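Structure first, commentary second.
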Amino acid sequence: MVTTNVDHCFQKTGFDKKRLFYMQGDYGLFQCSKSCCDKTYDNESVVKEMFYKQSNMKIPSELIPICPVCGEPMTMNLRIDNKFVQDKGWYDACGRYERFLRRHKNTKNLFLELGAATIRLLL
Ligand SMILES: [Zn+2]
């Protein structure tokens with residue numbers, strides 16, 4: 001499935017990540033704000049810790065996510081500017097989708113768009 005949703009909801013429901021191409025990024029991942037490398041980091045445990053330790057809408061300074069490569073702050077992995085990181089998982093998902101399209105290019109297909117998500121079904 002191809003989705004432009006970035007809310008990480010497919011993964012939270014248990015949808016197999018290997019069947020999902022989250023082309024515009026994912027709120028469930030951090031990346032370096034300077035995009036110094038092509039790595040992303042699952043952020044669920046850090047975000048939960050931020051939630052539980054917040055006070056007056058602020059988190060403790062030590063919880064501000066820092067890039068382990070360059071030391072700059074981390075940000076969400078979202079395609080909002082030219083610093084979007086397409087990590088190995090992104091390229092793997094893109095490749096799986098491209099192979100699917102090539103495999104079925106001469107078959108009848110139905111595209112369903114549900115909200116902001118597009119689902120392609122093989123008929
Ligand atoms: Zn960095």
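Just so it is clear, the model here is predicted, and its values are computed rather than measured. Read the numbers this way: they start at 1 and go in the same order the structure lists the ligands and their atoms. Just so it is clear, the values below take in all heavy atoms, side chains as well, and ignore hydrogens, waters and symmetry mates.
Between the Zn ion (ligand 1) and C37 there is no N/O/S contact shorter than 2.8 Å.
Crowding of R19 atom CZ: a count of heavy atoms from other residues, nucleotides or ligands under 6.0 Å not exceeding 12.
Between the SG atom of C67 and the SG atom of C70, the angle centred on the Zn ion (ligand 1) amounts to 110° when rounded to 10°. One finds an angle of 110° at the Zn ion (ligand 1) between SG on C36 and SG on C32, to the nearest 10 degrees.
With a 4.5 Å cut-off on side-chain heavy atoms, S45 and E49 do not count as touching. Between Q24 and F84, every side-chain heavy-atom pair lies at or beyond the 4.5 Å cut-off.
Side-chain contact check for Y41 and Q31: no donor-acceptor pair (N or O, by modelled atom type) lies under 3.5 Å.
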